[in-house]
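Every heavy atom of this structure was used, including side-chain atoms; hydrogens, water molecules and symmetry mates were not.
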Amino acid sequence: MLFFGLFLIGLVIPFLLVKVKPSWIVWVPSFVLFIAAIAIYGKAEFFPGEGMADLAERLYFIIFGLSAIGSIVGGLIVHFIRNK
(Lines give C-alpha, C1' and ligand atoms only; values in the text may rest on other atoms or scores of the structure.)
Protein backbone atom coordinates (compact mmCIF):
# COMPACT_ATOMS: atom_id res chain seq x y z
CA MET A 1 0.00 0.00 0.00
CA LEU A 2 2.85 2.35 0.84
CA PHE A 3 4.57 1.70 -2.45
CA PHE A 4 1.38 2.24 -4.43
CA GLY A 5 0.95 5.56 -2.62
CA LEU A 6 4.49 6.55 -3.63
CA PHE A 7 3.69 5.59 -7.23
CA LEU A 8 0.58 7.80 -7.09
CA ILE A 9 2.56 10.71 -5.67
CA GLY A 10 4.98 10.40 -8.59
CA LEU A 11 2.02 10.17 -10.96
CA VAL A 12 0.46 13.41 -9.67
CA ILE A 13 3.62 15.55 -9.85
CA PRO A 14 3.53 16.08 -13.67
CA PHE A 15 -0.15 17.05 -13.49
CA LEU A 16 0.81 19.92 -11.18
CA LEU A 17 3.02 21.26 -13.97
CA VAL A 18 0.53 20.82 -16.82
CA LYS A 19 -0.25 24.56 -17.11
CA VAL A 20 3.40 25.60 -17.43
CA LYS A 21 4.13 26.63 -21.01
CA PRO A 22 7.32 24.71 -21.93
CA SER A 23 6.43 21.12 -22.77
CA TRP A 24 9.68 19.71 -21.38
CA ILE A 25 8.90 20.88 -17.83
CA VAL A 26 6.75 17.78 -17.09
CA TRP A 27 9.82 15.58 -17.57
CA VAL A 28 11.95 17.43 -14.99
CA PRO A 29 10.48 15.67 -11.90
CA SER A 30 10.97 12.23 -13.42
CA PHE A 31 14.54 13.10 -14.39
CA VAL A 32 15.33 14.43 -10.91
CA LEU A 33 13.78 11.41 -9.17
CA PHE A 34 15.59 9.02 -11.53
CA ILE A 35 18.95 10.69 -10.85
CA ALA A 36 18.23 10.58 -7.10
CA ALA A 37 17.43 6.86 -7.33
CA ILE A 38 20.65 6.16 -9.23
CA ALA A 39 22.68 8.20 -6.74
CA ILE A 40 21.15 6.40 -3.74
CA TYR A 41 21.71 3.02 -5.38
CA GLY A 42 25.33 3.87 -6.15
CA LYS A 43 25.89 4.98 -2.58
CA ALA A 44 24.26 1.81 -1.22
CA GLU A 45 26.26 -0.42 -3.56
CA PHE A 46 29.71 1.12 -3.28
CA PHE A 47 29.60 2.49 0.28
CA PRO A 48 27.34 0.08 2.16
CA GLY A 49 26.15 0.89 5.64
CA GLU A 50 25.99 -1.54 8.49
CA GLY A 51 22.93 -3.66 9.12
CA MET A 52 19.76 -1.62 9.16
CA ALA A 53 21.45 1.40 7.54
CA ASP A 54 22.08 -0.68 4.43
CA LEU A 55 18.46 -1.80 4.42
CA ALA A 56 17.29 1.82 4.77
CA GLU A 57 19.42 2.92 1.83
CA ARG A 58 17.94 0.19 -0.36
CA LEU A 59 14.47 1.22 0.79
CA TYR A 60 15.23 4.83 -0.20
CA PHE A 61 16.25 3.53 -3.62
CA ILE A 62 12.90 1.75 -3.95
CA ILE A 63 11.04 4.88 -2.84
CA PHE A 64 12.77 7.16 -5.33
CA GLY A 65 12.56 4.54 -8.08
CA LEU A 66 8.81 4.04 -7.68
CA SER A 67 8.23 7.79 -7.59
CA ALA A 68 10.32 8.16 -10.74
CA ILE A 69 8.33 5.44 -12.51
CA GLY A 70 5.09 7.11 -11.48
CA SER A 71 6.40 10.45 -12.69
CA ILE A 72 7.36 8.97 -16.05
CA VAL A 73 3.88 7.47 -16.45
CA GLY A 74 2.33 10.81 -15.44
CA GLY A 75 4.58 12.62 -17.91
CA LEU A 76 3.47 10.29 -20.69
CA ILE A 77 -0.19 10.88 -19.82
CA VAL A 78 0.31 14.67 -19.81
CA HIS A 79 2.23 14.42 -23.10
CA PHE A 80 -0.62 12.51 -24.79
CA ILE A 81 -3.24 14.89 -23.34
CA ARG A 82 -1.37 17.92 -24.69
CA ASN A 83 -0.94 16.39 -28.15
CA LYS A 84 -4.55 15.36 -28.43
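- With a 4.5 Å cut-off on side-chain heavy atoms, M52 and L55 count as touching.
- In terms of hydrophobic clustering, with Ile, Leu, Val, Met, Phe, Trp and Tyr side chains grouped at heavy-atom distances under 4.5 Å, I81 and V26 are assigned to a common cluster.
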Name each donor-acceptor pair under 3.5 Å that joins a side chain in residues 4-18 to protein atoms two or more places apart or in another chain, with its distance.
none

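- Residue pairs meeting the salt bridge (Lys or Arg N to Asp or Glu O under 4.0 Å) criterion with at least one member in residues 23-45, sequence neighbours excluded, are K43-E57, E45-R58.
- Under the 4.5 Å side-chain heavy-atom criterion for Ile, Leu, Val, Met, Phe, Trp and Tyr, F3 and L33 are members of the same hydrophobic cluster.
- Using a 4.5 Å cut-off on side-chain heavy atoms (C-beta onward), V32 and F64 make no contact.
- Note that the CG atom of L2 and the CD1 atom of I62 stand 10.0 Å from one another [nearest 0.5 Å].
- Residue pairs satisfying the ring pair (Phe, Tyr, Trp, His ring centres under 6.0 Å) criterion with at least one member in residues 33-62, sequence neighbours excluded, are listed as follows: Y41-F61.
- Under the 3.5 Å distance criterion, the side-chain polar atoms of S71 are left unmatched by any main-chain donor or acceptor of S67.
- Of all heavy-atom pairs spanning A44 and D54, the tightest one is O-OD1, 3.9 Å.
- Separation of atoms CD1 (I63) and CD1 (I40) is listed at 9.5 Å; rounding is to 0.5 Å.
- Here the CG atom belonging to L76 is positioned 4.0 Å from the CH2 atom belonging to W27, to the nearest 0.5 angstrom.
- The hydrophobic cluster containing V73 does not contain L66, counting ILVMFWY residues as joined when their side-chain heavy atoms lie under 4.5 angstrom apart, directly or transitively.
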